[in-house]
S.K.: 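Okay, here's the structure, questions in a sec.
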Amino acid sequence: MRSCVLYLHMHQPFRVREYSIFDVGNRADYFSDSAHINNQLVFDKVAEKSYRPMLTLLEKLLGAHPNFQFSLSVTGTFLEQAEMWGGDIIDTLKRLVATGRVEIVAETYHHSLAFFFSKSEFERQVKQHQAKIQDLFGVKSKAFRNTELAYNDDLASWAEEFGFETVLAEGWDRILRERSPNFVYRPTGTNKIKLLLKNYRLSDDIAFRFSDKNWTEHPLSAEKYLTWVENSTLNGPLINLFMDFETFGEHQWADTGVFQFFEQFVGRFLESPENNFLTVSGASEQYEAIDEVSMPETVTWADTERDLSAWLGNAMQHEAAKNLYALEEAVLKTENAQLIADWRNLQTSDHLYYMCTKYWSDGDVHAYFSAYDSPYDAFLYFMNTLRDVDFRSL
Amino acid sequence: MLKILMLGWELPPHNSGGLGVACYHLAKSLAGEGAKISFVLPYTAKHDVDFMEIVHATNLDPIHRFGASAYDSKNITTCIIDGKELGEHLSLRDIQQFYGDFVDKHVEGKEFDVVHSHDWLTLEAGVKVKHKLGIPLIAHVHATEFDRGDEYGGNPIIHDIERDGLMLADRIIAVSQMTKDLIVARYGILADKIEVAHNGPNQIDDEYMFEKSSYQFLEKKKQEGWTVVSVIARLTIQKGLSHLIRALALATQFNPKIMLLIAGDGELRDELLELSANLGVAQNVAFTGFVRGKELRDVYTISDIFVMSSRSEPFGITALEAASSDNAVILTKQSGVSEVLHSVLKYDYWDERRLAELLVATSSSNALTTEMRQNVTKEFLKISWNGIAKKVMHIYNRTMKCRRNY
């Protein structure tokens, strides 16, 4: 048997508006929309381009192919926005989950990096996410992914202790060496939990390279991709395609043909009776771990470095994170639900990402995905919100 | 070898601003590219220059000493020199005429490939040479009268000189996209005729590094936790300094330990002094007057944050110098230098609240300024006059080729 494990990640942050030093102590509407930074506008745009058309396609594929299934992870901040601005998206997700062939993978509610700063806060966010998923969809996941697939051996041990049966990570060559990501592995230091590794070549062919006209394989047809997938299964039976949900329609626009490509690929792949699709947990149940994998250092699915440097790579990011988590005790002690929610929304890793300076000095503004004029502006507004959170916790 | 007649108004150390600095470095790098340059100045003084020939159009002292620099455009027909050197009382316009007549005679019987004029004071002379020798005129625009002028739009005589000269130039070099856009919009020149060549950095020598700073009192303030914010500018309406002082007053409500060091002199000095007193921040503002040499160098070294507050700045070399001296840099969006520096914070010159915001943020976060300083230094190192000279050589060659094809 050869299996495709499709896992898509859905997320939207609550972006901080140009929150001024003059606002500190006067108003706490960090995430309200401004002319320049407008969360609802972004949500509407991505919903139109990606969420609605891709969910429609996935629903169609579930109807057409009884052995098509997949996994999603949906952040709490995304769900809150969908509840406010796209109720139909929640309804579609409910229908998908109700088929029993769509799994929701667990994660932190706020898409945060809390694991690296406060284990107790991290656990609270995982539980908050579980409660939200239970509440909306009536399911509880046995698989866990950390924000940006940020993974290390400690995370695996924590996930096992917490009761998860599967955990996801990047299938990075430097870790795997000559081994293939197409198998289930066991994380070092654990007994039961299984590790699924992203096949980054085949995943990134779609997520990053699909519309790149300088890529020698452009344009990528479903047939060609199918050949690559089948060749890859010679190394191992599992093809783990992990990517952002927004790949479809937002990162790769509809006019690149990405939707047709995906629909054709699923159809062609399932033409062979040897092939099927599995959810993350399904794969973990069907396949035994063949070897142990250790990642003492944190590995993520981001950039060529595959580390946390996009979020914690410079002094501003460390300063922001340090100050943010330093407020934990004071904020929680207030038992002020709104304040706690605001503080948690500030933990969303995107805020740190906007402060990334890795590519900024090259003047490569366009490659930079941010609503702010510069990483320095992002830092400035964020630090102002922390001043206000501090003020409100007094 | 390309022979260039370069027409300028000042060179360091007899300069009153960035124009002379830019001319010096451009000429030096062009010489490095193999160009033979004859540089005509309107005054007589000693210059320590061996890479080009310097020609003096008059036996006057450096012009800026008479208050007649390239920046003084308000009253160009007012008598400024009560000297006997040329037998009469002189206005800036008179000196400009002398300069043109001199150049006209000077080029007789000589051969040049290109005439390269820097800004309005030498444009008319450039046009004459173009016609006389039949060689292309390159007009280099470091600033226009729209930048120098106040809300009344500047001096109409100078507008005429600029418009005519730019119309007749074979090719125009603007120091920023912003300046190019302005020339297209305000003077109606075809965009195709204008190239953008950003300025490069001034090489700041390190000879003073180990000497005592000129600003001992600021050293002491810094030890007490103060942040030094500096601005280097002529104190004129163009530089937007009143907005800076108002922003400072707002910022000190959040961080009282900010010291604004204003280096430069000009007609607005008293007004700015009064403003800082009225706003209650006189203690937070220090005026140095006009500085050069070590005192200028020390402004960059003592300061933590450099602000370019100009309402309209075609380029702004001081920001590059600040970037090279380990300053966090704040620029107005109305400055050409903001096209080449990215690891900086930007604001609209009138947005005092935003500037106050930036002053508070930078003066209260080491993490922020450390990142900004490190990254802007990286950017600064990538900009070089050699690269700019290559571009200008290319412009010369292409313009000459077009002209031969007439």
Side-chain angles (χ1 to χ4, degrees), chain A residues 16-27 34-37 309-324 326 351-352 354-368 370 372-388 390-391, chain B residues 177 198 246-256 258 305-307 323 327-333 337-348 351-383:
Chain A
V16 171
R17 72 169 172 88
E18 299 96 320
Y19 185 79
S20 163
I21 186 82
F22 301 101
D23 295 328
V24 176
N26 295 320
R27 45 198 286 197
S34 70
H36 197 48
I37 290 160
S309 59
W311 298 272
L312 292 166
N314 68 40
M316 294 188 289
Q317 294 168 316
H318 282 284
E319 187 81 355
K322 193 182 81 187
N323 283 292
L324 172 66
H351 302 304
L352 295 172
Y354 301 141
M355 302 171 198
C356 174
T357 48
K358 271 202 280 184
Y359 309 108
W360 184 253
S361 290
D362 305 333
D364 193 1
V365 183
H366 304 291
Y368 188 80
S370 168
Y372 302 93
D373 287 346
S374 74
Y376 313 102
D377 286 286
F379 174 74
L380 184 153
Y381 299 130
F382 186 83
M383 293 306 279
N384 285 343
T385 63
L386 292 192
R387 282 180 191 158
D388 192 66
D390 187 28
F391 173 84
Chain B
Q177 184 64 41
H198 291 110
R246 285 202 185 87
L248 173 75
L250 284 172
T252 50
Q253 293 172 14
F254 298 92
N255 179 4
I258 303 175
I305 297 153
F306 181 87
V307 181
N327 277 252
V329 178
I330 299 174
L331 305 172
T332 56
K333 292 178 183 168
V337 68
S338 71
E339 292 164 23
V340 295
L341 293 183
H342 306 286
S343 298
V344 299
L345 285 161
K346 299 176 189 177
Y347 71 102
D348 285 304
D351 197 344
E352 291 160 6
R353 276 172 72 98
R354 160 111 176 130
L355 177 55
E357 183 94 52
L358 302 182
L359 291 175
V360 174
T362 46
S363 65
S364 56
S365 170
N366 273 330
L368 175 62
T369 48
T370 304
E371 275 304 315
M372 290 176 69
R373 285 189 283 118
Q374 283 172 359
N375 294 327
V376 84
T377 304
K378 280 186 223 154
E379 291 175 17
F380 164 82
L381 291 172
K382 277 190 261 173
I383 308 166

S.K.: Between A:Ala315 and B:Glu371, which heavy-atom pair has the shortest distance, and what is it?
M.R.: N-OE2, 3.1 Å
S.K.: Verify side chain to side chain contact (heavy atoms under 4.5 Å, CB included) between B:Lys378 and A:Thr357, making sure each step is shown before the conclusion.
M.R.: CA-CA 12 Å; B:Lys378 280 186 223 154; A:Thr357 48; over 6 Å; no
S.K.: For A:Tyr19, which atoms come within 4.5 Å of any heavy atom of chain B: side chain, backbone, both, or neither?
M.R.: backbone
S.K.: Quick one: closest heavy-atom pair of A:Tyr381 and B:Arg354, and the distance?
M.R.: OH-NH1, 2.8 Å
S.K.: Rounded to the nearest 0.5 Å, what separation is found between the CG atom of A:Asn323 and the OG atom of B:Ser365?
M.R.: 8.5 Å
S.K.: Can you check whether A:Glu319 reaches B:Thr370 side chain to side chain, under 4.5 Å on heavy atoms?
M.R.: no
S.K.: State whether a side-chain donor-acceptor pair under 3.5 Å links A:Asn384 with B:Glu357.
M.R.: yes
S.K.: With rounding to the nearest 0.5 Å, note down the distance linking OG1 in B:Thr369 to CE in A:Met316.
M.R.: 10.0 Å
S.K.: Does any heavy atom of chain A fall under 4.5 Å from the side chain of B:Val340, the backbone, both, or neither of them?
M.R.: neither
S.K.: Sort B:Ala251 into side chain, backbone, both or neither according to what part of it lies under 4.5 angstrom from a heavy atom of chain A.
M.R.: neither
S.K.: Going from CG on A:Asp377 to NZ on B:Lys346, what distance comes out if it is rounded to the nearest 0.5 angstrom?
M.R.: 9.5 Å
S.K.: Measure the CG-CZ distance between B:Leu345 and A:Phe379 for me, rounded to the nearest 0.5 Å.
M.R.: 10.5 Å
S.K.: Does CG belonging to B:Asn366 count more than 12 external heavy atoms closer than 6.0 Å?
M.R.: no
S.K.: Side chain, backbone, both or neither: which part of A:Phe22 has a non-hydrogen atom closer than 4.5 Å to chain B?
M.R.: both
